[in-house]
Undergrad: 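My structure is below; once you've seen it, I'll send some questions.
None of the values given here were measured: they were computed from a predicted structure. Labels below follow one simple rule: chain letters A, B, ... track the order of the sequence lines, proteins then strands, and each chain is numbered from 1.
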Amino acid sequence: MNEEATQERVTHTLGDIAIKIREMHKWYGQFHVLKDINLDVQNGERIVVCGPSGSGKSTMIRCINRLEEHQRGDIIVDGVELTNDLKNIEAVRREVGMVFQHFNLFPHLTVMENCTLAPIWVRKMPKAEAEETAMKYLERVKIPEQAHKYPGQLSGGQQQRVAIARSLCMNPKIMLFDEPTSALDPEMIKEVLDVMIELAREGMTMICVTHEMGFAKTVANRVIFMDEGQIIEQNEPEEFFNNPQNERTQLFLSQILQH
Amino acid sequence: MSTPEQKYAPGTHPDLPPPFASTGPIKWIRENLFSSPANVTMTFLAIYALYLILPGAFSWAFSDATFVAEDRNECRALNSGACWAFIAQRWQLFTFGFYPPDERWRVVLAFVLLILVVIALLWENCPARKPLLILACVFPFLATWLLLGGFGLEKVSTDQFGGFMLTIVIGVTGIALSLPIGILLALGRQSNLPIIKYACVAFIEFIRGVPLITLLFVASTMLSYFLPPGTNFNLLLRVLIMVTLFASAYMAEVIRGGLQAIPKGQTEAADAMGLKYWQSMRLIVLPQALKISIPGIVNTFIGLYKDTTLVIVIGLLDPLGIGQASLADTKWQGLSSEVYLFVAIFFFISCFAMARYSLYLERKLDTGYKR
Ligand SMILES: Nc1ncnc2c1ncn2[C@@H]1O[C@H](COP(=O)(O)OP(=O)(O)OP(=O)(O)O)[C@@H](O)[C@H]1O
Ligand SMILES: [Mg+2]
């Protein structure tokens with residue numbers, strides 16, 4: 001028990017590689033959607049990915065948990081290489097949580113059942129323990145009182161917080177966020193971002209596709225800009241926003257900062 | 001402007017009854033029957049139509065009907081309405097076919113067990129549900145044993161099955177098997193593996209493209225050409241297989257419609273959490289897809305149940321077959337209205353019960369996510 005705990009702390013110290021992507025390419029049919037992606041993410045690192053619509057941001061992070069298959073290059077997540085081997089894919093998915101733009105909660109299950117499903121069926125956790133864990137995370141996203149409602153009875157912001165809690169219940173090492181706030185009304189964006197900021201403070205490894213530049217400035221270690229399937233530029237947030245090098249980055253930033 | 005003085009101090013206002021005719025039956029009648037001139041006209045037309053039909057139908061079926069008589073002529077002499085005496089004399093034949101009279105308790109017992117099993121399966125808060133569900137698992141074997149005999153019971157040949165009992169045997173088997181087979185076919189049709197996918201497509205399209213009667217003829221005659229000579233393969237079993245396959249093909253398409261209505265995000269979320277394919281189907285996709293498909297599924301069940309009457313063409317005596325045979329009896333000639341009405345009522349009760357249950361289920365499973 002003790003040994004396990006120390007081991008976990010060691011692997012989580014910043015500096016170890018959580019995700020390694022090397023010369024990765026992906027095509028949809030004839031369409032070359034991702035071109036020569038190289039990316040290292042360290043444990044505890046928080047990365048924000050931005051770029052114009054259709055630039056391949058979603059596709060890239062969906063390759064990390066193999067919701068999309070890459071055709072060339074390597075992706076190694078938490079020491080496991082993603083190949084066609086189902087064992088590897090399952091191992092990676094157990095350790096990587098994902099939050100979607102449209103929440104993707106299971107509408108026929110209560111909030112509590114949404115949160116306990118994967119721990120019970122994937123981690124083989126006893127039901128009582130899974131419910132206890134779920135309650136802990138629902139409290140952390142500040143909606144324990146909604147546990148027995150159905151997702152359809154919650155507001156958008158509440159649903160997204162449930163989705164975050166649901167991912168956390170699997171106790172993941174890495175969290176992927178794909179535009180978690182862009183389907184939300186402005187007053188709900190903040191409640192979701194607050195939860196994400198807290199998560200970042202606790203040292204979670206995060207890759208987050210978002211256009212919330214305030215969030216990027218507050219929590220990111222690194223901001224990545226993508227265009228036409230390539231990583232065009234990456235830098236610390238300060239440098240990235242104040243001193244963008246590439247002209248496409250400059251154009252993009254001038255467009256979104258206008259608002 | 002001065003406000004009128006309050007009659008009660010704040011917080012002491014009693015609960016008053018609602019104003020007259022704003023609730024209850026009077027409100028219902030006013031809103032549903034007399035809400036507009038067109039509605040008033042329709043109401044009176046409907047009342048007039050009922051006035052024309054009901055008294056005649058009632059006196060034919062009840063007040064002018066004969067319930068005890070020896071033959072048709074006695075019926076006619078006694079009264080002018082329906083001759084239920086015919087049905088009263090033959091109801092055992094209609095119910096059990098030619099099942100040996102001394103062994104009929106076995107059919108009744110199997111039927112009672114079936115009712116218990118169905119209640120336990122369909123009603124979530126049923127008392128003693130656990131033991132009944134265990135009964136449900138062994139019921140297929142138990143029922144087969146009770147109906148066919150062997151192992152200490154007198155053997156009964158399936159040739160002796162008939163009437164409502166035959167309908168229920170074919171209908172229940174078909175319903176119980178076509179749902180799971182239909183689910184597998186629908187999932188197979190969506191599979192990424194081409195062999196599985198095209199096998200399912202070919203099966204569904206072939207079975208759907210052929211009338212059930214043809215399949216039944218194949219079952220009764222042609223199968224003996226395909227099977228090695230000497231194999232004696234029970235006719236009822238062949239019919240069960242054909243009816244089940246036929247209903248499964250329709251079921252598969254109904255369920256495929258439901259599967260397509262489930263957003264891709266649902267399986268993606270399940271995948272991202274590490275659920276395996278079968279887990280994500282069983283826990284996430286199918287519960288939602290089947291819920292959407294309930295009307296279509298029950299529709300297929302009802303169709304299958306009524307299609308069991310087609311077995312008459314290959315010589316099995318379902319209630320309609322028994323009815324036709326009975327009508328040929330010279331003592332009782334010309335009583336087709338009574339016979340067909342009787343059989344129709346049996347089918348109507350079964351099918352109406354299925355329809356009502358499906359409505360109940362839809363309401364129960366509604367978790368308010370249709371925004
Ligand atoms: N299943 C698919 N088949 C074919 N093309 C696809 C598919 N999914 C995405 N694409 C294309 O790939 C490109 C990248 O899509 P992706 O969703 O990754 O963009 P994105 O950067 O996330 O954009 P957005 O900001 O709008 O979400 C787009 O041009 C899109 O049209
Ligand atoms: Mg996207």
Side-chain angles (χ1 to χ4, degrees), chain A residues 58 61-62 64-69 86-87 89-111 113-124 148-156 159 162-163 166-172 174-176 178 183, chain B residues 124-125 130 179 183 186-187 190-196 255 257-297 358-371:
Chain A
S58 301
I61 71 164
R62 287 157 59 88
I64 295 172
N65 63 354
R66 193 69 165 197
L67 287 183
E68 302 288 350
E69 194 179 329
L86 275 180
K87 280 248 159 48
I89 297 176
E90 278 162 18
V92 166
R93 285 176 177 171
R94 273 198 298 274
E95 305 307 331
V96 178
M98 184 157 197
V99 175
F100 300 85
Q101 180 175 3
H102 296 288
F103 330 138
N104 297 357
L105 293 175
F106 306 130
H108 62 302
L109 302 177
T110 61
V111 165
E113 289 164 338
N114 264 279
C115 292
T116 54
L117 188 88
I120 290 175
W121 291 93
V122 180
R123 292 242 190 263
K124 313 284 176 214
H148 296 287
K149 287 195 183 164
Y150 285 96
Q153 299 164 317
L154 305 184
S155 76
Q159 292 192 41
V162 171
R166 177 176 74 173
S167 289
L168 292 177
C169 283
M170 281 293 279
N171 199 10
I174 301 163
M175 287 283 286
L176 307 174
D178 190 1
Chain B
E124 226 177 301
N125 305 323
K130 273 253 170 69
L179 185 60
I183 291 174
L187 291 177
Q190 299 205 321
S191 167
N192 295 328
L193 308 172
I195 296 180
I196 293 184
I255 291 167
L259 289 174
Q260 279 175 345
I262 307 302
K264 209 158 165 269
Q266 294 287 305
T267 37
E268 282 180 356
D271 287 347
M273 289 158 61
L275 291 175
K276 297 192 170 72
Y277 174 80
W278 285 110
Q279 290 175 331
S280 103
M281 285 300 135
R282 191 163 68 80
L283 301 166
I284 307 300
V285 177
L286 282 175
Q288 297 180 58
L290 291 180
K291 197 216 124 191
I292 307 175
S293 319
I294 289 173
I297 292 175
S358 98
L359 283 182
Y360 156 81
L361 199 61
E362 271 175 69
R363 235 171 297 137
K364 198 186 79 161
L365 295 181
D366 187 13
T367 56
Y369 51 81
K370 247 178 295 163
R371 288 247 184 149

Undergrad: Counting heavy-atom pairs under 4.5 Å with chain B, which one of Thr110(A), Ile89(A), Leu105(A) comes out on top?
TA: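 Maximum pair count with chain B is reached by Leu105(A).
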
Undergrad: Determine, step by step, whether Met273(B) and Met98(A) satisfy the side chain to side chain contact (heavy atoms under 4.5 Å, CB included) criterion, reporting the C-alpha distance in whole Å, the side-chain angles of both residues, the deciding distance to 0.1 Å, and the verdict.
TA: CA-CA 8 Å; Met273(B) 289 158 61; Met98(A) 184 157 197; over 6 Å; no

Undergrad: Start with the C-alpha gap between Ile284(B) and Leu117(A), add the side-chain angles, then the distance that decides, and say whether side chain to side chain contact (heavy atoms under 4.5 Å, CB included) holds.
TA: CA-CA 10 Å; Ile284(B) 307 300; Leu117(A) 188 88; 3.5 Å; yes

Undergrad: Please check this pair: side chain of His108(A) against backbone of Asp366(B), looking for a donor-acceptor N/O pair closer than 3.5 Å.
TA: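 Side chain of His108(A) to backbone of Asp366(B), a donor-acceptor pair under 3.5 Å: no, none is there.
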
Undergrad: Minimum heavy-atom separation for Ala269(B) to Phe100(A), with atom names?
TA: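 In this case the closest contact between Ala269(B) and Phe100(A) is CA-CE1, 3.8 Å.
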
Undergrad: For Arg62(A), is it the side chain, the backbone, both or neither that has a heavy atom under 4.5 Å from a heavy atom of chain B?
TA: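 Arg62(A) touches chain B through side-chain heavy atoms alone.
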
Undergrad: Taking side chain as everything from C-beta outward and backbone as N, CA, C, O, which of these in Arg166(A) sits under 4.5 Å from a heavy atom of chain B? Side chain, backbone, both or neither.
TA: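 Arg166(A) touches chain B through side-chain heavy atoms alone.
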
Undergrad: Okay, side chain of Gln279(B), backbone of Ala118(A): is any donor-acceptor separation there less than 3.5 Å?
TA: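 Not a single qualifying donor-acceptor pair exists.
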
Undergrad: If you measure from CH2 on Trp121(A) to CG on Leu283(B), what distance do you get to the nearest 0.5 Å?
TA: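 Going from the CH2 atom of Trp121(A) to the CG atom of Leu283(B) covers 5.0 Å.
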
Undergrad: Give the minimum heavy-atom separation between Ala270(B) and Phe106(A), together with the two atoms involved.
TA: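 Smallest heavy-atom distance, with atoms named: N-CZ, 4.0 Å.
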
Undergrad: With a 4.5 angstrom heavy-atom cut-off, which part of Leu86(A) approaches chain B: side chain, backbone, both or neither?
TA: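 Interface part for Leu86(A): neither.
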
Undergrad: What distance separates Glu68(A) CD from Glu268(B) CD, expressed to the nearest 0.5 Å?
TA: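 Taking CD in Glu68(A) and CD in Glu268(B), the distance rounds to 7.0 Å.
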
Undergrad: Sub-3.5 Å donor-acceptor pair from the side chain of Asn104(A) to the main-chain atoms of Gly265(B), do we have one?
TA: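 Indeed, once roles are kept as given, a pair shorter than 3.5 Å links the two residues.
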
Undergrad: Within a reach of under 6.0 Å around NZ of Lys264(B), are more than 12 heavy atoms found that belong to other residues, nucleotides or ligands?
TA: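 No, NZ of Lys264(B) has 12 or fewer neighbouring heavy atoms, counting only those of other groups under 6.0 Å.
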
